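As the structure is a prediction and not an experimental result, all values here were calculated from the model. Chain letters run A, B, ... following the sequence lines, proteins first, then strands; residues in each count from 1.
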There are 2 protein chains.
Amino acid sequence: MNIGTASEKSGLPAKTIRYYEDIGLLRPDRADNGYRDYSMSDVHRLRFLQRSRSLGFSVEECRQLLSLYGDKERESADVKALAETKLTEIDRKLAELTELRNTLRHLVHNCHGDSRPDCPIIDGLSGRVTQ
Amino acid sequence: MNIGTASEKSGLPAKTIRYYEDIGLLRPDRADNGYRDYSMSDVHRLRFLQRSRSLGFSVEECRQLLSLYGDKERESADVKALAETKLTEIDRKLAELTELRNTLRHLVHNCHGDSRPDCPIIDGLSGRVTQ
DNA sequence: ATAAAGCTTCCAGTAACTGGAAGTTCAAGG
DNA sequence: CCTTGAACTTCCAGTTACTGGAAGCTTTAT
């Protein structure tokens with residue numbers, strides 16, 4: 001499929017997809033006319049990149065995570081260690097995101113129509129800070 | 001407190017904190033010696049920035065979210081609408097992050113020691129793709 | 001008193017896109 | 001068959017969000 005279709009399916013702009021190719025994150029085929037030709041497997045990689053980038057992982061982290069996806073020696077110890085490191089990171093992000101959501105939800109439900117600007121729950125937006 | 005302390009408490013490098021001041025995300029006091037002087041409220045803002053940036057929100061989105069925090073007209077309709085938009089976004093991120101974690105966990109637990117490289121659950125890494 | 005650590009500004013460099021120009025190829029309508 | 005517009009190509013420049021380093025001032029610790 002052409003880059004436009006891959007863009008639609010992955011949720012990434014065509015520009016970004018070409019950029020990811022430049023930095024070696026994927027290698028789509030080329031059709032006879034010179035157009036890039038994406039397989040479903042390419043689209044999976046792209047969709048994965050879209051997701052993990054939007055969740056705050058760096059491109060280099062994504063490259064590592066993709067190695068889990070593509071690595072033929074997936075049972076090796078360091079690949080497993082990498083996955084576990086990332087799992088811990090994801091769990092931390094999940095906790096932070098949950099906290100952020102709860103606070104925002106409180107803000108929407110409890111502060112609506114209240115004209116006092118010193119609503120104390122707002123402090124929760126910043127999470128716990130070590131004093 | 002000095003920038004070093006604020007850096008420790010917020011989890012942001014001093015460089016980044018100065019940068020956030022440059023682009024108008026906070027305005028710490030200055031001590032007589034010219035050093036920046038951060039209040040606990042500044043640290044809350046910084047911690048909030050640290051969290052939301054690491055979760056994939058852009059600086060401009062963070063600026064908006066901070067307006068929820070600081071806006072004295074917090075009961076206005078558009079501020080509430082903004083909070084609700086962000087809530088939806090956060091819920092989507094939560095779902096994606098959860099999926100990513102589950103797949104990765106599967107990968108770690110089910111594929112360890114298995115030398116077959118075509119483990120089908122790996123496909124889950126990229127999430128559902130519209131065919 | 002002096003050295004090291006921490007602060008200041010400023011300027012340059014990097015990461016990860018993003019926009020636009022200039023040209024080629026394809027799909028649809030006349 | 002011709003043309004016109006959308007989609008594709010490469011290349012280069014610009015933007016966002018930092019990040020590193022120089023040069024110099026202030027504070028803290030021996």
Inset, instruction - For B:E61 and D:dA17, give me the distance from atom CD to atom P, rounded to whole Å. - result: 10 Å
Legend entry - Separation of C:dC7 P from B:M1 CE (nearest whole Å): 12 Å
Inset, instruction - Could you grab the distance from atom CG of A:L25 to atom OH of A:Y19, nearest 0.5 Å is fine? - result: 8.5 Å
Inset, instruction - Compare side-chain N and O positions of A:R18 against OP1 and OP2 of D:dC12 and report whether any pair is under 4.0 Å apart. - result: no
Inset, instruction - With rounding to the nearest 0.5 Å, note down the distance linking CD1 in B:I17 to CG in B:L12. - result: 5.5 Å
Legend entry - In one Ile/Leu/Val/Met/Phe/Trp/Tyr side-chain cluster, 4.5 Å: A:V43, A:Y35: no
Legend entry - Distance test, side-chain N/O of A:R63 to OP1/OP2 of C:dA15, below 4.0 Å: no
Legend entry - B:R101 CZ to A:L55 CG distance, which is reported to the nearest 0.5 Å: 13.0 Å
Inset, instruction - Quickly work out the B:Y19 OH to D:dT19 P distance and round it to whole Å. - result: 10 Å
Inset, instruction - To the nearest Å, give me how far apart CD (B:E21) and P (D:dC18) are. - result: 15 Å
Legend entry - Short side-chain N/O contact from B:T16 to OP1 or OP2 of D:dT19, under 4.0 Å: yes
Inset, instruction - Go through D:dT10, D:dG20, D:dT27 for me and flag the one nearest to the B:N33 side chain. - result: D:dT27
Legend entry - Atom pair distance, as rounded to whole Å: CG in A:D37 and P in D:dT9: 10 Å
Legend entry - Given DNA chain D, 5'-ward residue of the pair B:V59 and B:K15, judged by closest heavy atom: B:V59
Inset, instruction - Verify the contact: side-chain N or O of A:R36 to OP1 or OP2 of D:dT10, cut-off strictly under 4.0 Å; return yes or no. - result: yes
Inset, instruction - Please report, rounded to the nearest Å, how far the C1' atom of C:dG6 is from the CD1 atom of B:I3. - result: 10 Å
Inset, instruction - Determine, stepwise, if the pair A:S39 / A:D42 fulfils side chain to side chain donor-acceptor pair (under 3.5 Å). - result: CA-CA 5 Å; A:S39 66; A:D42 290 325; 3.2 Å; yes
Inset, instruction - Considering just the side-chain nitrogens and oxygens of B:Y20, establish if one lies under 4.0 Å of OP1 or OP2 belonging to D:dC18. - result: yes
Legend entry - Of A:E60 and B:G34, the one whose closest DNA chain C nucleotide lies more 5': B:G34
Inset, instruction - Starting from P on D:dA7, measure out to OH on A:Y35 and report it in whole angstrom. - result: 11 Å
Inset, instruction - Rounded off to whole Å, could you give me the CG-to-C1' distance for the B:N2 and C:dA5 pair? - result: 12 Å
